[in-house]
Structures are given as structure tokens and as C-alpha cells.
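Each remark here refers to the structure printed beneath this line.
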Amino acid sequence: MSLPPIDLAVFHDNGYVRKQCRVTSLWFWTCDEARETCGDTPEDEYTFIGAPLIEGFDQRGKALKDAMREAFLGYFTDREHTRIDPYPVLARWRDDIHLTIASIADFQPHVTSGAVQPPANPLAVSQPCIRLTDVDAVGRSGRHLTTFEMMAHHVFNRPDDGLEIYWMEECVEHCHRMLTETFGIQASEITYVENPWCGGGNAGAAVEVIVGGLELATLVFMDMEEHPDGEVELKGDRYRTMPLQIIDTGYGLERFCWAAAGTPTIYEAIYPETVAWLKQRSGFDNVANRWPSLDLDRLLSEMSRLNGIMNIEAGVDGEKLVNIFLKRLAERGVEVSAEQFSSITEPLANIYAIPDHLHALCNMLGDGLVPSNAKAGYLARMLARRVLRMRDELDIQVPLTELATHHLDVNLGGQLNKQTRDGLLTILALEEERYIEMLRKGTNVIQTQLKSLPKEATEIPDGHLFTMNDSHGLAPDMVITLARHAGWNSVTLRTGFSAEMAERHARMAKEAATANSGGGHVLDVAGYPATTPLYYESVYLPTFEANVLGCQSAEGLGPEGATHAVVLDATLFYPEGGGQEGDRGRLQQNNVGVDVLDTQKIGDVIVHFTNGPLDGSPNIEGHLDWKRRKQLMDHHTAVHIVGGAARRLLGPHIFQAGSHLTVESGRLDITHYHRLNRADLDAMEDMANEVLSDVRATEKSELNRRDADMVHGFDLYQGGAPKGDSIRILKIAEHDIQACGGTHHDEPGQIGSIRIVRSSAVQDGVERLHIVAGEAALAYARSQDELVRLSSEVFGVHGDDLPKAAARFFKEWKEQRKLIEHLESEIVRLRTSGGGDATTDVDGVRVVVMEIDGDLKSMTTMLKELTLDAAQPTLAVLGSKDGGGKLMIGVTENTLASERYNAVDLLRSISSHIRGGGGGRPTFAQGGGSYAEGLGDALDAAREQLGL
RNA sequence: GGGCGCUUAGCUCAGUUGGAAGAGCGUCUGGUUUGCAACCAGAAGGCCGGGGGUUCAAAUCCCCCAGCGUCCA
């Protein structure tokens with residue numbers, strides 16, 4: 001079964017009729033009798049270019065967006081909707097996506113699953129979003145953006161609980177009234193297209209709202225979830241109705257602005273100052289002068305109309321696209337050559353994309369993101385690099401920081417969510433430095449990679465292009481440009497290469513994804529009720545009493561040595577979570593005791609892994625390994641304190657990227673754009689220890705999620721996205737506030753002391769702090785003392801003098817090694833200059849066959865000494881009993897000696913005497929064996945062959 | 001999270017099938033020059049990132065670790 005028609009009174013009341021689209025076959029509603037297409041087809045041109053469909057908005061740029069946003073939100077707040085503040089673009093509350101991609105993303109997964117109440121109901125919001133999937137089309141299509149605001153009204157109905165705010169009828173009515181009354185759009189211009197929506201395991205009926213050939217909004221009525229027995233089938237999956245009915249709408253703020261401005265592209269409507277500025281700086285205005293006969297205005301307006309009906313998506317081959325454009329333009333009476341076309345559209349695409357990318361970048365960094373080479377940080381770096389590349393293509397000599405300053409002031413009103421202006425500019429300056437460094441390195445790499453390629457070559461081998469892109473960050477067309485500068489003047493990029501490379505990446509990603517799937521073995525705890533956590537009541541209790549609910553065999557499921565899994569009705573044992581390791585200790589029955597080796601949480605059930613079974617009686621007494629627990633608490637609370645210190649000292653971009661607490665140490669990963677030095681660590685360490693003495697008590701509280709978000713914001717979720725509705729919060733005065741389910745001290749002073757041992761890099765943009773606290777800090781200090789003591793004993797100096805002594809010894813060692821080398825070669829010279837028994841003259845060639853004491857190194861020196869002098873042609877055969885026997889043969893190159901003798905042949909014929917092999921070049925061969933006693937025979941064989 | 005690449009002299013980097021550690025710049029000494037620049041001659045400067053393995057032999061091949069870079073999700 002598919003979905004029934006969307007037949008609403010609001011359509012009939014406004015004179016709309018249901019038709020089927022001639023092109024797409026989709027059903028749609030229109031009040032234009034002549035209309036045969038749904039509006040969003042290759043036959044529907046944009047009708048608003050030069051003829052705005054939305055009236056009363058004369059502003060442009062930021063002012064236009066602000067006015068449009070207020071008009072939208074005002075309509076809904078006047079009609080009982082609560083306006084909520086937008087969420088960050090960095091989706092910290094989710095672990096499945098990095099960026100906020102839609103307004104509904106604010107409420108996933110917990111509100112949409114029904115676990116958590118929405119912040120308001122119904123609500124209206126204008127949510128900044130970032131989508132990077134179509135990043136290649138931005139600037140080229142006239143309408144694609146990586147960052148946009150999704151205006152929305154959301155409703156969360158629970159019909160079973162009697163909560164029904166409104167559904168399709170009222171939703172569409174709101175939409176229709178707003179479009180026609182608030183925005184003055186002619187009803188005849190609007191079509192409502194029925195097109196069911198599904199995604200992420202949910203589905204529902206949906207209506208696309210098309211105005212003037214442009215999709216202005218989508219209204220989704222999500223009331224189904226994926227289920228194998230579902231009655232409704234959509235795109236191959238089956239769905240059934242669910243208890244929650246959600247209205248998910250999305251109105252494109254920027255598209256409203258565009259429809260109100262009627263500019264050739266969306267970019268001119270929302271970033272007019274930047275577009276003008278870039279045109280001026282890049283000298284684009286002069287382009288038209290190059291071809292006086294060309295009507296640039298006419299060309300651009302025809303192009304923007306064409307853009308509306310041509311599906312310019314990422315991955316479309318550039319050259320093919322140009323040809324289609326030229327043909328279509330010619331049909332419309334605009335004659336333009338391919339050269340003219342590219343010289344206009346290529347810079348224009350960059351001019352349009354730069355403000356869009358800057359907007360996304362400022363939003364991301366403004367939320368505290370730190371650029372990196374992995375995860376979300378990479379997305380920021382990619383955008384920064386694209387901007388820099390486009391800037392260079394436009395040949396604008398403006399630093400990235402200046403571009404950002406302009407964007408910040410002109411298009412963002414100087415407002416950043418979290419990051420400071422200085423912080424943003426520092427980060428971008430670093431990104432530009434990295435980019436320049438990459439280009440410099442890349443030029444070198446190209447020189448080396450292309451060394452074997454003749455200068456007349458017309459193509460660079462695919463393998464080189466792939467390597468340079470994937471490993472060195474140089475896109476194929478950049479490689480071509482750099483190669484031409486480096487002297488390969490005729491190389492070009494094969495048509496379609498970029499598409500091939502994208503395909504290759506997609507294939508690789510797919511392979512990696514399939515290779516990665518595979519589930520782990522887990523314990524089955526279904527049927528047990530949630531375990532009551534006693535550790536929150538007081539973190540200082542060492543013993544407790546509880547009832548055994550179950551004890552099952554768990555061989556291989558827990559840590560090494562664990563044989564059983566015990567489930568209790570309540571426990572003091574903290575299960576591993578939030579980076580804190582699970583508690584250990586002992587469970588005691590009347591006469592049976594088992595050790596708890598680890599504690600884990602599976603769902604709401606806490607599992608104790610033990611080294612033996614319990615005897616079956618219900619009551620047990622639990623004894624915590626309190627010393628261990630205390631140490632884990634020391635480290636955990638210390639990590640919070642150090643994290644707070646880092647944020648205060650380094651900036652608002654400091655976010656916890658991970659943590660791990662063990663008995664030995666605590667580990668805290670923080671996001672930062674620089675490597676940390678010892679001075680940074682010392683400052684944090686000082687501040688952390690001040691907190692220990694200044695803050696008398698920590699505050700622990702529990703809030704529902706909605707209140708937690710509202711009171712503390714999303715910085716609360718340093719430890720990752722929380723799962724349930726109820727959030728435990730640890731507040732250490734104003735120093736650090738975050739959601740954390742771990743066990744923490746009531747008084748920071750109980751930790752004793754905190755040391756930041758060192759920092760290391762996890763990835764670019766993430767710094768790992770190694771922390772010891774409490775007893776562990778003491779143990780660490782002792783072990784360091786021990787290292788110093790042992791080392792200074794070796795040198796026979798006092799610990800304070802250790803660095804100086806080590807430096808002196810290292811220096812002397814180097815000097816002496818040098819001296820030994822000199823002396824060795826001197827000895828060789830002395831031994832060889834005199835000649836002696838080992839030397840014979842054979843028809844003008846000095847032949848030396850001798851056994852020496854020494855390793856390969858000194859043999860080499862000796863052989864060098866014997867055979868490097870061209871004035872004295874020499875064949876030298878050296879043998880040593882070192883390490884199973886070594887043989888080395890050399891002849892003086894380019895002399896009588898090298899004409900007459902072949903070192904390799906000679907070596908091969910005698911090396912069998914020492915039971916080994918060898919090889920080399922005709923003028924130099926070396927080998928070895930495992931039978932040193934045969935060395936004499938080997939040398940004799942050599943003499944024999946040489947006729948001595 | 002996955003893939004790929006890099007780490008060699010103070011700096012920028014070469015280093016072919018495993019077989020004698022290199023170039024350019026910089027430094028120092030001497031020459032030339034009124035002096036400087038330039039030039040000429042010479043020298044110093046290397047745990048070839050660390051650890052293990054294979055091999056008669058490893059900068060080179062394999063494994064682990066560290067640092068750095070890069071692409072994709």
C-alpha cells in the first residue's frame with residue numbers, strides 16, 4: 001500500500017485542484033487552470049528573475065535575511081507558536097552527525113523518539129544549517145549553498161495521550177496564509193506537490209511548496225517508522241504508524257530572499273556587498289570589456305533562467321556541461337564562444353562560492369570548532385582550503401583573515417556564537433600558513449614525481465594524480481597548473497578525470513564501510529529490571545547490601561579471568577562509562593566470596609563480572625575496592641578541573657574530545673589549534689591546583705534535558721551526547737560545568753594535588769593531556785625521582801647536574817666516534833701503503849689479497865683506501881672472520897683493473913668456502929657466510945684464480 | 001572512523017633491483033678583492049625518527065611505536 005492522496009479543505013477552499021504532472025508524474029495541487037507541470041521540472045523556468053514574487057522587501061544581504069526571518073517567525077509567534085533560539089551548527093548533542101543539517105536535527109534523536117519533551121510545542125525556529133554534500137555545485141548552479149537557514153514550525157503530537165496540536169490541514173493552511181498574506185505571493189504561482197518523504201528510519205506524507213519554479217518549502221508529516229510488518233511501502237522499505245506524529249517543515253530563508261530580490265543568482269540576494277567587492281578586487285568588471293560585442297547582462301540573465309531548469313549537481317563533468325549551456329544559450333539567441341563562456345563563468349563561480357563558504361566557515365568556527373585533519377574539524381579545513389584556492393584562482397591578493405573580517409562585519413553583523421573574533425582570525429591565519437606550506441611542498445613533490453616524465457608529455461599518469469590528490473592535497477587541476485609552471489608546458493587534464501576520481505573515492509569509501517561491519521558478542525540481560533545505582537547517593541560508601549537477581553556464566557564476555565556475570569537489584573559498583581573504568585571489589589555471601597573484576601552497564605542493567613559463581617541465596621554484601629575507586633575519582637574530578645582550566649586559559653574552542661580514567665593516570669583530549677608547550681601545561685596545572693584549594697565543594701544536580709539545555713547550553717555535553725531525558729550535572733564553582741555520570745568528589749580538596757605530566761597529539765587539532773592526581777601524582781613523582789637517581793648513578797653525578805653531564809657525554813661520544821673513524825682510516829693507510837706480502841703486481845695491476853681484523857665498516861674504509869686512486873689500478877680482496885666470515889672485493893673504477901677483473905664473479909666463486917653468498921656491482925662486491933674457519937680457503941682460492 | 005603518504009647534514013630535499021650515505025643553500029678556513037657582493041679551493045657538519053624482525057648485508061623489505069601531512073566518510 002502506498003500513501004493516500006493529500007486531500008485538504010484548504011486546497012478546495014482556495015480554488016486548488018489536483019493534477020498529475022506531465023513530466024514527473026507526481027500529483028500536485030494548483031489553482032492555475034493552464035498548469036500541466038508541478039513546477040519543479042526541467043520545463044519550469046524560474047519566473048522570478050528580474051520579477052520578484054515576494055513583495056515589500058527592498059533590502060539586500062543581511063538586512064533582507066533579518067527582515068525575512070522576522071516576518072516568518074512573527075507569523076507563527078502571532079499564532080501561538082513559541083520562538084526558540086537556534087541551535088549551534090555543530091551538532092554536539094548528536095553522535096551520528098557532525099553538523100546541523102536541518103531544523104529537525106535539533107530534536108533528534110530523543111525528542112523525535114519520544115524520550116525527551118520538546119523545548120516548546122508548537123514551536124518556530126530559524127535554524128542555521130550546513131550541508132557539504134553539494135559543495136562542488138555552490139557558485140556554479142546559481143542556487144546551491146553549503147550554509148543556509150532553515151525556517152520551520154514544528155509540532156509534536158501524541159494522539160494516544162490526547163495531545164493533538166495540529167496536523168496536515170492546519171499546517172498547510174498556515175503555510176498558504178503566510179505565503180499569500182505575509183509575503184504577498186499570488187496563489188496561482190504556488191503549487192503543492194505530493195511527494196512522500198522517508199529517511200533515517202522514519203517516513204510520512206509530505207508536500208513540496210513550489211513558487212516560480214523554486215522549491216520554497218517542504219512540509220513533512222512524519223508519523224511512521226520502519227518495520228518489517230508495516231503496511232505502507234515507500235522506496236522499497238516497509239513502514240507502520242508510530243505513536244508520535246511530528247510536523248517537520250523547512251522553509252529556505254535564502255530562497256525567500258532570492259524570490260524577493262529577483263537577482264540573477266541567490267548569492268546576489270544574500271551576499272551582494274561581498275559579490276561586488278570580489279568582482280572589483282578580481283577585476284571581473286573588466287572581463288566584459290574584452291568582448292565589446294558581448295551583451296554580458298543578457299548572457300547572465302539567460303544563464304540564471306537556464307540554471308533553474310538544468311540539474312547542476314556535484315560530479316557533473318565540466319566540459320560536457322559547458323557544451324550543453326552553449327547549445328541552450330544559442331537556442332535563446334545568445335551567441336557565445338566556449339572561451340568567452342568559461343572566462344566569465346569560472347571567475348563568477350568563485351566569486352559566488354567564496355561568501356557562501358566563508359559563511360559556513362565563520363558559523364562552524366564561531367561555534368568553537370577547531371580545524372583538523374579528521375572528523376568535523378576536517379570539514380572546516382576543507383572549506384578554508386576551497387576559499388583559498390578560489391581566491392588564488394581569482395588572483396586576489398587578500399589574506400584569508402581579511403576575507404573573514406569582511407564577511408564577519410558585513411554578513412554576520414560581527415556576531416559569533418562562541419569563539420572570539422581574535423580566536424577566529426588566529427585560526428584562519430594558521431590555516432592559510434598551512435595551505436601555503438602545502439603548496440610549497442606540493443611543488444617539490446611534483447618535481448620528483450614527474451622526473452621520469454618527458455617535458456613534452458601531454459598527460460600526467462593517473463597514478464601520480466591520485467597520489468598527489470590523496471596524499472599531498474593537490475587537486476588534479478592544481479597539479480596541472482604547477483606542472484606547467486615547472487616546465488611541462490603541454491600537459492592537460494583528461495576530460496572527465498575529476499569525475500573518475502570522485503567515483504574512485506566513493507568506491508573506496510564503500511569498500512571500507514562493508515569491510516567494517518561486524519558485531520561483537522554481548523551478554524543478554526533482557527528480562528532484568530534496571531539496577532538501582534547506589535553510588536550516586538554517596539560516592540564515599542565502601543560497602544552495601546543487595547539482592548542477587550541472577551548469576552550466569554559469562555566465559556569470554558568479560559575481562560580475563562571472569563567466569564560469571566552477576567546482576568543485583570542495586571549496587572555501589574560504578575559501571576564503566578564517561579571514560580571512567582568500572583569498579584572492582586568483592587561480593588560476599590554467607591560463606592562464599594567472589595572477586596568483581598569489572599563492572600559494565602548494558603542498557604539500564606549493571607553487570608558485575610566475577611571470577612566465580614554465587615551460591616544461589618539472595619542476599620549479598622558488596623565490598624568496593626575503595627582505594628581504586630578513590631583513585632579513579634581523583635583522576636575523574638581532576639580531568640574536569642583541568643578541562644575547565646584549559647578553557648579559561650586557551651579559549652572557548654576548548655572542547656573535550658575524549659577522556660579515559662585509569663588507576664595510573666587520567667587522559668583528557670581537548671580541541672586546540674596549537675601544540676601545547678610546557679609553559680601552557682604549567683599554567684593549567686597551577687590553575688587546577690588553585691581550584692583544589694579555592695573551591696570548597698562541587699555541586700551535583702540532576703536536571704531534565706530540556707532544562708539542562710536551556711540553563712547551561714550545549715557546552716554541557718563535553719563528554720558526548722547524553723542518552724536519556726535525565727542529565728546529571730557536575731558544577732565546580734564557575735570553573736567547569738558539564739554533564740557527567742561519573743563518580744566525583746564532594747570537595748575538590750580531597751584530590752590532594754594535580755599534575756599535568758605531558759601532552760601529546762592525537763590528531764591535528766586535538767591535544768591529549770596526561771594527568772596524574774592524588775596518590776598517583778605521588779607515585780609519579782617517585783618514579784620520576786627514581787629515573788633521575790638511576791641515571792645520575794650511571795653518570796656518577798648529582799641529579800641536578802644530570803642534563804649537563806648527559807650533554808657533555810653525548811658530545812664527547814660523538815667526538816670520539818669521529819676520532820676513531822679517523823684513526824681507523826689512518827691505520828688502513830699505513831697498512832696498505834707499504835704493500836708487503838699481500839701485494840703483488842700482475843701486469844700493471846696491483847693485486848691485494850689479505851685477511852684483516854675488523855667489521856664491515858673498517859673493511860669498507862680499507863677497501864676505499866686501496867681502490868679509489870685511479871693512478872694505481874688495484875684489485876683488492878679483503879677477508880675478515882668477523883660474524884661468520886666476511887669477504888669484500890673491489891677494483892679501481894675505469895682502469896685496467898676494472899677492465900680485467902669482475903668483483904662479483906670473483907666473489908661468487910669463492911664465497912662457498914665460508915658457506916655464504918653475496919653480491920654487488922662489478923667494481924665492488926661484498927658477501928658473508930656462516931663458516932669463518934673457511935676464510936683461509938676462500939682467500940687461497942682467490943689467489944689461485946688470480947694466478948698468484 | 002577508514003585510506004594513503006612523509007620522517008636522511010643547521011635548512012630545502014635526492015638516494016634506482018637491499019650491496020661504498022649525496023646535492024643545493026647555509027657555516028667555517030684559505031685564495032681573489034681597497035672593501036663588499038660575486039667567484040675559486042678546501043673543511044666541518046649524519047644513532048638515515050625510535051624499537052624489533054628478515055638477510056652474509058637494511059636509509060632501502062616486514063611488524064610495532066612516535067611525530068607530521070593528506071584525502072574521504
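The figures here come from the full heavy-atom set of this structure, side chains too, leaving out hydrogens, waters and symmetry mates. Just so it is clear, the structure is predicted and the values come from calculations on it, not from any experiment.
- Between Arg381(A) and rC71(B) there is no side-chain N or O to OP1 or OP2 distance below 4.0 Å.
- Using bins of under 30°, 30° to 60° and over 60° for the plane-to-plane angle, the ring pair Tyr87(A)/Trp93(A) lands in the perpendicular bin.
- Comparing rC47(B), rC72(B), rA73(B) against the side chain of Lys375(A) picks out rA73(B) as the nearest.
- No more than 12 heavy atoms of other residues, nucleotides or ligands shown are found within 6.0 angstrom of CD on Glu944(A).
- Between the CZ atom of Arg385(A) and the C1' atom of rC71(B) there is a distance of 11 Å, rounded to whole Å.
- Here the separation of rC40(B) from rA23(B), taken at their P atoms, is 16 Å to the nearest Å.
- The aromatic rings of Phe714(A) and Tyr717(A) lie tilted to each other, with the angle between the two planes from 30° to 60°.
- Look at the C1' atom in both rA20(B) and rU33(B): the space between them is 41 Å, to the nearest Å.
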Worksheet entry | Sequence-aligned protein contact record of nucleotides 5-13 of chain B, with B where the base is within under 4.0 Å of a protein heavy atom and S where only the sugar-phosphate is | S------SS
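- Regarding contacts with the backbone of rG46(B), a side-chain N or O of Lys814(A) is found under 4.0 angstrom from either OP1 or OP2.
- Looking at heavy-atom distances under 4.0 Å, Arg504(A) makes no contact with the nucleic acid at all.
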Any protein N or O atoms within reach of nucleotides 17-27 of chain B? Criterion: under 3.5 Å, listing atom names and distances.
{"residue": "rG19(B)", "atom": "O6", "partner": "Gly919(A)", "partner atom": "N", "Å": "3.1"}
{"residue": "rG19(B)", "atom": "N1", "partner": "Gln926(A)", "partner atom": "O", "Å": "3.4"}
{"residue": "rG19(B)", "atom": "N2", "partner": "Gln926(A)", "partner atom": "O", "Å": "3.4"}
{"residue": "rA20(B)", "atom": "OP2", "partner": "Arg921(A)", "partner atom": "NH1", "Å": "3.4"}
{"residue": "rA20(B)", "atom": "N7", "partner": "Arg921(A)", "partner atom": "NH2", "Å": "3.0"}

Discussion item. Show me the dot-bracket string of RNA chain B, counting Watson-Crick or G-U pairs under 3.5 Å, with | for pairs to another strand and [ ] for crossing ones.
Written reply: (((((((..((((.....[..)))).(((((.......))))).....(((((..]....)))))))))))).
